[in-house]
Amino acid sequence: MNFRHLIDYNDISGEDWAMLIDLANDIKKSPNRYTSECKTKVMATLFYEPSTRTQLSFQTAMLRLGGQVIGFSDPKNSSIAKGESLRDTIKIVSGYADITVIRNPIEGAAYAASLYSTVPVINAGDGSHLHPTQTMTDMYTIVREKGRYENLTIGFCGDLANGRTVHSLAKAFSYYKNNTLYFISTEALRLPQYIINLLSDSGNKIYIVDSLEEHIAAFDILYMTRIQRERFGSVEEYEAQSGIYILNSEKLKQAKDDLLIMHPLPKTDEISFEVDDDPRSKYFEQAENGLYIRMALILLLCENYGYKITPPVYPMPQRRFCSNARCISNHERYLPEKIKRSGSGSLCEYCENTVLN
Ligand code: NCD
């Protein structure tokens with residue numbers, strides 16, 4: 001396997017992904033064969049942000065592999081409340097655990113954690129940026145239901161500006177060709193430009209549109225998302241955006257018989273209750289698939305890195321700053337400069353926003 005940490009789904013090679021799918025299928029078919037695979041392993045779950053599904057599915061995954069789980073789900077009960085840096089927390093936790101799962105509201109936090117960890121780090125969501133294990137769950141569900149990642153027409157609908165599940169999943173499609181991707185949102189909640197650029201360069205057709213009704217008939221997959229209430233500055237701003245896109249049985253009359261309806265969950269009002277009973281809705285199966293693919297991921301990362309790795313020491317140069325106030329590099333000021341070239345500009349490697357010189 002060629003990746004040590006899982007920070008971005010796009011870190012995984014096609015070969016490694018095929019191996020993960022095979023393993024998840026086998027775990028799903030014969031779970032009893034895997035009950036002691038991680039018997040001596042400890043997983044730390046560091047959740048700085050609320051989570052139900054992701055945290056529980058990670059914890060269940062490790063317990064079903066025979067391992068143990070430590071961690072917190074409320075940073076108020078940990079040393080972070082005393083002002084401890086992310087770097088110190090990660091260094092300490094890597095001394096206790098064999099694998100660390102981190103969710104943090106700040107963009108790029110998981111990548112920053114991976115710079116200091118001696119054990120594999122899994123990004124369980126970094127602010128509005130990425131959510132790679134949700135993408136693994138989604139891609140696993142897509143291949144099980146549709147059997148392919150190409151020649152698909154997919155609609156992404158809802159909060160495309162703040163939804164990290166959409167960012168990760170849309171980015172994943174830059175690996176594949178000949179798809180037609182519709183991004184349906186209000187003007188204020190459009191997909192970030194860096195993802196549009198990535199997709200435009202990769203041989204997929206992209207449409208940025210306002211209406212779900214007008215395009216639903218074309219879709220093989222519809223990926224609905226909630227408006228991310230917690231990412232808005234005020235209740236008024238949130239309310240101006242909520243309730244605009246609602247999938248109901250009326251709209252679904254126009255859709256294909258084999259449409260695959262997906263949602264990362266939790267859902268609020270963007271899917272009417274009657275849609276849950278439509279056989280095309282697969283979001284509950286999707287959530288269950290998340291358990292098997294996370295078991296496969298934990299197992300492979302623990303097997304591959306049963307030894308500690310010494311991270312390099314990072315010098316502290318005078319550095320350029322990221323323009324994104326929600327980027328970890330603006331919160332934890334000891335972090336080294338991490339910049340990558342992209343087209344004619346420079347992107348911050350922590351959060352993928354542009355960099356100020
Ligand atoms: C998502 C998340 O946390 O980004 N939930 C999840 O992990 N299944 C989606 C969301 O909160 O809207």
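Source: prediction; values computed, not measured. Note that ligands are numbered from 1 as they come in the structure, with each ligand's atoms numbered from 1 the same way. Sequential numbering from 1 along the given sequence is applied to the chain's residues.
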Got a sec, which residues hit side chain to side chain donor-acceptor pair (under 3.5 Å) with Tyr182, two or more places apart in sequence or on another chain?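 Result, side chain to side chain donor-acceptor pair (under 3.5 Å) vs Tyr182: none returned.
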Closest non-hydrogen atom pair, Tyr223 against Gln286: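 So the two residues come closest at CE1-NE2, 3.9 Å.
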Quick check with a 6.0 Å cut-off and a 45 degree axis cone: is Arg87 positioned over the face of Tyr116's six-membered ring? yes
For a quick check: using heavy atoms under 4.0 Å, what are the residues in contact with ligand 1, sorted by chain and number?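 Answer by chain and number: Arg53, Thr54, Arg103, His131, Gln134, Arg164, Thr165, Arg226, Gln228, Pro264, Leu265, Pro266.
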Between His129 and Tyr194, how do the two ring planes meet: parallel, tilted or perpendicular, split at 30° and 60°?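 Judged by the thresholds at 30° and 60°, the geometry between His129 and Tyr194 is tilted.
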Sequence neighbours left out, what passes salt bridge (charged side-chain N to carboxylate O under 4.0 Å, His left out) with Lys340? Give chain and number order.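 Only Glu352 meet the salt bridge (charged side-chain N to carboxylate O under 4.0 Å, His left out) criterion with Lys340.
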Which residues share a ring pair (Phe, Tyr, Trp, His ring centres under 6.0 Å) with Tyr96, sequence neighbours left out: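 Ring pair (Phe, Tyr, Trp, His ring centres under 6.0 Å) list for Tyr96, sorted by chain: empty.
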